[in-house]
Amino acid sequence: KVTGRGTVSRTNEKKWTAKSMAGYLNTLVFLNESTDDHLYLWELAEDRLRFASQISEKFALPEREEGYLMEEWLEIVYFRDRAALKQELEQLRSGELDTHNQEYRLLDRENKWIWVRARGKLIFGLDGRPERMIGLISDRELGTKTDPVTGLMNMARLLEDLDELLARGEKGHLFIL
């Protein structure tokens with residue numbers, strides 16, 4: 001029930017929110033049948049991600065119907081990518097941004113780092129504050145991280161490999177074309 005000021009009354013707020021969340025999730029499950037991407041709903045109040053697909057089949061997450069806290073999600077994000085992602089999430093929470101479009105790496109079931117592109121659009125509540133975000137995570141865009149002719153990884157992979165060599169104390173020369 002909407003009051004005269006355009007806000008949801010307290011007595012019906014939880015029921016209205018639960019109904020709308022279920023509607024969003026049902027729509028995502030329906031749309032998920034026509035894509036290989038992972039569609040999601042991020043509930044900002046709970047800080048919980050809910051997926052329309054079994055994302056745990058691909059990535060290092062436990063199988064869970066109720067979704068994942070953002071804190072759990074960040075645990076499978078590559079440590080070098082985590083700070084930029086956290087910064088953007090804060091901008092989304094505050095309403096400073098209303099869309100999400102970022103590439104980062106996630107740990108898969110085989111303990112490999114997989115590049116993904118995450119996109120989303122905020123949905124604002126009747127009070128004008130960010131309430132939830134609907135989006136998708138695609139791991140099919142790996143081509144943007146490799147050279148199409150040679151199949152070799154780009155600069156990000158070079159930096160990872162250099163970090164590993166330096167951490168092990170390797171000495172030698174580097175030749176770059």
Student: Hey, are Arg93 and Asp47 close enough for a salt bridge, meaning a charged N less than 4.0 Å from a carboxylate O?
Tutor: yes

Student: Quick check on the hydrophobic clustering: are Leu166 and Tyr78 connected, directly or via other members, by side-chain heavy-atom contacts under 4.5 Å?
Tutor: no

Student: Starting from the C-alpha separation in whole Å, work towards a yes-or-no answer on side chain to side chain contact (heavy atoms under 4.5 Å, CB included) for Arg117 and Gln102.
Tutor: CA-CA 6 Å; Arg117 174 171 292 225; Gln102 196 170 41; over 6 Å; no

Student: Can you tell whether the side chains of Glu43 and Arg48 come within less than 4.0 Å, N to carboxylate O?
Tutor: no

Student: How close do Tyr40 and Leu49 get, heavy atom to heavy atom, and via which atoms?
Tutor: CD1-CD2, 3.7 Å

Student: Could you go through Leu41 and Arg132, starting from their C-alpha distance and side-chain angles, then the distance that decides it, and tell me whether this counts as side chain to side chain contact (heavy atoms under 4.5 Å, CB included)?
Tutor: CA-CA 7 Å; Leu41 174 68; Arg132 53 183 56 103; 3.7 Å; yes

Student: Indicate the atoms forming the closest heavy-atom contact of His100 with Leu92, along with that distance.
Tutor: CB-CD1, 3.8 Å

Student: Rounded to the nearest 0.5 Å, how far apart are CD1 of Ile55 and NE2 of His38?
Tutor: 4.5 Å

Student: Charged N to carboxylate O under 4.0 angstrom, Glu65 versus Arg50?
Tutor: no

Student: Would you check if the side chain of Arg109 reaches a backbone N or O of Leu61 as a donor-acceptor pair within less than 3.5 Å?
Tutor: yes

Student: Taking all non-hydrogen atoms of both residues, which atom of Leu44 and which atom of Met133 are closest, and how far apart?
Tutor: CD1-N, 4.0 Å

Student: If you measure from CE on Met70 to CD on Glu75, what distance do you get to the nearest 0.5 Å?
Tutor: 12.5 Å

Student: Begin from the C-alpha positions of Trp113 and Asp108 and carry the test side chain to side chain contact (heavy atoms under 4.5 Å, CB included) through to its verdict.
Tutor: CA-CA 6 Å; Trp113 294 106; Asp108 76 358; over 6 Å; no

Student: Run the ring-centre check on Trp73 versus Tyr68 and record whether the distance is less than 6.0 Å.
Tutor: no

Student: Measuring from atom CG of Leu106 to atom NZ of Lys112, what distance do you get when rounded to the nearest 0.5 angstrom?
Tutor: 15.0 Å

Student: So which atom in Lys121 and which in Thr99 form the shortest heavy-atom distance, rounded to 0.1 Å?
Tutor: CD-CG2, 3.5 Å

Student: Output, in order, the C-alpha distance, side-chain angles, deciding distance and verdict of side chain to side chain contact (heavy atoms under 4.5 Å, CB included) for Asp139 and Asp37.
Tutor: CA-CA 7 Å; Asp139 58 9; Asp37 296 331; 5.6 Å; no

Student: Phe59 and Ile76: which non-hydrogen atoms are nearest, and at how many Å?
Tutor: CB-CD1, 4.0 Å

Student: I'd like to know whether CD of Glu71 has more than 12 heavy-atom contacts from other residues, nucleotides or ligands below 6.0 angstrom.
Tutor: no

Student: Are Leu69 and Tyr104 linked, directly or through intermediate hydrophobic residues, by side-chain heavy-atom contacts shorter than 4.5 Å (ILVMFWY only)?
Tutor: no

Student: Any idea which heavy atoms bring Ser94 and Pro130 closest together, and the distance?
Tutor: C-CG, 4.2 Å

